[in-house]
There are 2 protein chains.
Amino acid sequence: MILSAAGERFIVHWGEMGSRWGINRTVAQVHALLYLSERPLHAEEICETLSIARSNVSISLKELQSWGVVRTTHVLGDRRDHFECMQNIWEMFRAIANERKKREVEPTLAVLRECAQQAKKDRDSKYEAQRLQEMLGFFELLMEWHDHLQRLPTTALTRFARLAGSISKWLPPQHENHETPPPDSTAELEFDSAASEKTVKDESDEDLSLL
Amino acid sequence: MILSAAGERFIVHWGEMGSRWGINRTVAQVHALLYLSERPLHAEEICETLSIARSNVSISLKELQSWGVVRTTHVLGDRRDHFECMQNIWEMFRAIANERKKREVEPTLAVLRECAQQAKKDRDSKYEAQRLQEMLGFFELLMEWHDHLQRLPTTALTRFARLAGSISKWLPPQHENHETPPPDSTAELEFDSAASEKTVKDESDEDLSLL
DNA sequence: TTGTATTTTCAGAAATTTCTGAAATAAAAG
DNA sequence: CTTTTATTTCAGAAATTTCTGAAAATACAA
């Protein structure tokens, strides 16, 4: 497998990005390679192209398969497994989101439910209970949103994204002030839940109506 | 700072989740602690509560401040810095999303633009160029979406999430088949971009119209 | 000034994650 | 059955990340 300079650059970068998001660098590199490849590759080709050990490739491929973004195919007259990457990007990120939900968000929800429950019972944890409950509500809403997107076909997603982009151009900017946070001055509302809710409520309704 | 069992459990879990998403465990723990705390804490309190070195706390707090989710305040008659966490969850995750965009998505976009450009020029990289271009388009759309959400006030976000959740209940399920992937049977469309686009296009329009 | 409290920095230690190569296993071919 | 080819497993090596404690820097007070 011969890589162009551009391809190589992308693979390296994808590996680095993977690391930053909690995905093994090699796994991400193998993913990037298969994503770019026109044809399915066998493990040996991947080893050679990326200069990593055969065993490492084996484990990385298993991992990618467990995420549902890579699968095996076979070439006539060749005993070896060949590997190909999901080609539709939206489907690919959907699969990843799905898997992260299952592996990380759902366990977090379970913990939050238990903790909120327990804190509610404890007379000394009134404030903690409130904070945990709020976090729980956030994650529950997030799940609803996820499930919603999960049901929409890819084309709807892309069109919706475009639509959302054009609508937002007509709205006044709301939260651009994070770019260069002023020393210690006017950023009050983000840190004070009550103030934030109150301030925002006044100006939110006409924005919401656009949805 | 005395922690309830529930609070401690949450902090430990939040630390683990942080790791999985590329955030230092300690940083996440400090964040969780401040999130739960009714009042701002000084560094020494954080050390003691979490049993970590003073220097580690110092660095973690700096990190959290750079993410814009923690800031310093002061208590009358106390020279020490006290630290408090952004209390509004939506604002908090908005800040995090903002920062990750700046640190990770924007550099990725830059790399993708360069790679796509370069591959386009290379006669041997026709397919790679196409793949890179597609990835670039995805990230650009994602950015539009992000910017859109960035402009909406928190209340609009929560209401929209609820709305989206209830709409989706009326749609036929589209992509639940990832839950238990069948050995190697009908999952063709996810891996074949063309097939996927064609299949989906037939059924997508009435779904999209709901938006 | 000088002293004291607080915070930051940083070199090296500790812990964790990742990677390798050799050996074991599996699966087909002869 | 034996040989050959392909894949997986896994103990230890290597690399990376995280953490600590001591020292330096900073800021305020007397």
Side-chain angles (χ1 to χ4, degrees), chain A residues 11-12 14-34 40-67 70-84 103-104 183-184, chain B residues 11-12 14-34 40-67 70-84 103-104 183-184:
Chain A
I11 289 171
V12 168
W14 201 243
E16 280 164 6
M17 278 308 115
S19 299
R20 295 211 184 197
W21 288 88
I23 289 158
N24 179 294
R25 185 189 313 263
T26 305
V27 171
Q29 286 180 353
V30 171
H31 177 239
L33 174 61
L34 290 177
L41 304 177
H42 60 260
E44 207 65 51
E45 282 178 297
I46 298 173
C47 293
E48 283 162 16
T49 312
L50 301 179
S51 310
I52 52 182
R54 180 68 185 72
S55 54
N56 201 0
V57 169
S58 181
I59 288 168
S60 298
L61 286 168
K62 275 278 170 307
E63 178 73 5
L64 287 166
Q65 284 172 282
S66 84
W67 284 87
V70 161
R71 69 170 178 192
T72 56
T73 52
H74 291 92
V75 172
L76 213 66
D78 191 337
R79 276 169 54 191
R80 293 170 296 186
D81 289 340
H82 289 239
F83 299 87
E84 67 181 348
R103 296 184 191 189
E104 285 137 14
D184 211 346
Chain B
I11 288 170
V12 168
W14 201 243
E16 280 163 6
M17 280 307 115
S19 301
R20 295 212 184 196
W21 288 88
I23 289 159
N24 179 295
R25 183 189 313 260
T26 305
V27 171
Q29 286 180 354
V30 172
H31 177 239
L33 175 60
L34 290 176
L41 304 178
H42 61 260
E44 206 65 50
E45 282 179 296
I46 299 172
C47 293
E48 283 162 17
T49 312
L50 300 180
S51 312
I52 53 182
R54 179 68 185 74
S55 55
N56 201 359
V57 169
S58 182
I59 289 167
S60 297
L61 286 168
K62 275 277 171 306
E63 178 73 5
L64 287 167
Q65 283 173 281
S66 84
W67 284 87
V70 161
R71 70 170 179 193
T72 56
T73 50
H74 291 91
V75 173
L76 213 66
D78 191 339
R79 273 169 57 191
R80 293 169 297 187
D81 288 338
H82 288 239
F83 299 87
E84 67 180 348
R103 297 182 190 190
E104 285 136 13
D184 210 346

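Order of the sequence lines fixes the chain letters, A, B, ..., with proteins taken first and strands second; residue numbering starts at 1 for each chain. Scope of the values below: all heavy atoms of this structure, side chains included, with no hydrogens, waters or symmetry mates.
Taking 4.5 Å as the limit, some side-chain heavy atom of B/E16 sits within range of a side-chain heavy atom of B/V12.
Nearest to the side-chain atoms of A/A43 among the listed nucleotides C/dT7, D/dT7, C/dT17 stands D/dT7. Among the nucleotides D/dT20, C/dT17, C/dT20, the one closest to any side-chain atom of A/I52 is C/dT20. Comparing atom distances between the A/D81 side chain and each of D/dC28, D/dT17, D/dT7 picks out D/dT7 as nearest. Listed candidates were C/dT18, C/dT20, D/dT7. Nearest to the side chain of A/A53 is C/dT20.
The nearest heavy atom of DNA chain D to A/I59 and to A/D78 marks one nucleotide each, and the one closer to the 5' end goes with A/D78. Residues B/R54 and A/N56 both approach DNA chain C. Their nearest nucleotides, taken by heavy-atom distance, put B/R54 toward the 5′ side. Nearer the 5' end of DNA chain D, as judged by each residue's closest nucleotide, is the contact made by A/R25, out of B/R79 and A/R25.
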Before giving the answer on side chain to side chain contact (heavy atoms under 4.5 Å, CB included), spell out for B/V30 and B/L61 the whole-Å C-alpha distance, their side-chain angles and the decisive distance to 0.1 Å. CA-CA 8 Å; B/V30 172; B/L61 286 168; 3.8 Å; yes
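Taking only side-chain nitrogens and oxygens, A/N24 comes nearer than 4.0 Å to OP1 or OP2 of C/dC19. Within the structure, every side-chain polar atom (N or O) of B/S55 is placed at least 4.0 Å from both OP1 and OP2 of D/dC19. Contact between the side-chain N/O atoms of B/R80 and the OP1/OP2 oxygens of C/dT6 is found at a separation under 4.0 Å. Put simply, A/S58 has no side-chain N or O that comes within less than 4.0 Å of OP1 or OP2 on D/dT7.
Look at NZ on B/K62: it is 14 Å from P on C/dC10, rounded to the nearest Å. Taking atom CD1 of A/I46 as the reference point, atom P of D/dT7 lies 10 Å away to the nearest angstrom. Atom CZ of A/R20 and atom C1' of C/dT18 are 19 Å apart (whole Å). If you take CG of B/L50 and P of D/dT18, they are 16 Å apart, rounded to a whole angstrom. Distance, B/E44 CD to C/dT8 P: 13 Å, rounded to whole Å. In this structure, the CD1 atom of A/I23 is 15 Å from the P atom of C/dT17, given to the nearest Å. We find that CG of A/L61 is positioned 15 Å from C1' of D/dT9, with the value rounded to whole Å. Here C/dT6 presents its P atom at 12 Å from CD of B/E45, a figure rounded to the nearest Å.
Remark: side-chain polar atoms of B/E48 are not paired, donor with acceptor, to backbone N or O of B/E45 under 3.5 angstrom.
Side-chain contact annotation: B/H74 with B/D81, donor-acceptor N/O pair under 3.5 Å present.
Residue A/L41 holds its CG atom at 9.5 Å from OG1 of A/T73, rounded to the nearest 0.5 Å.
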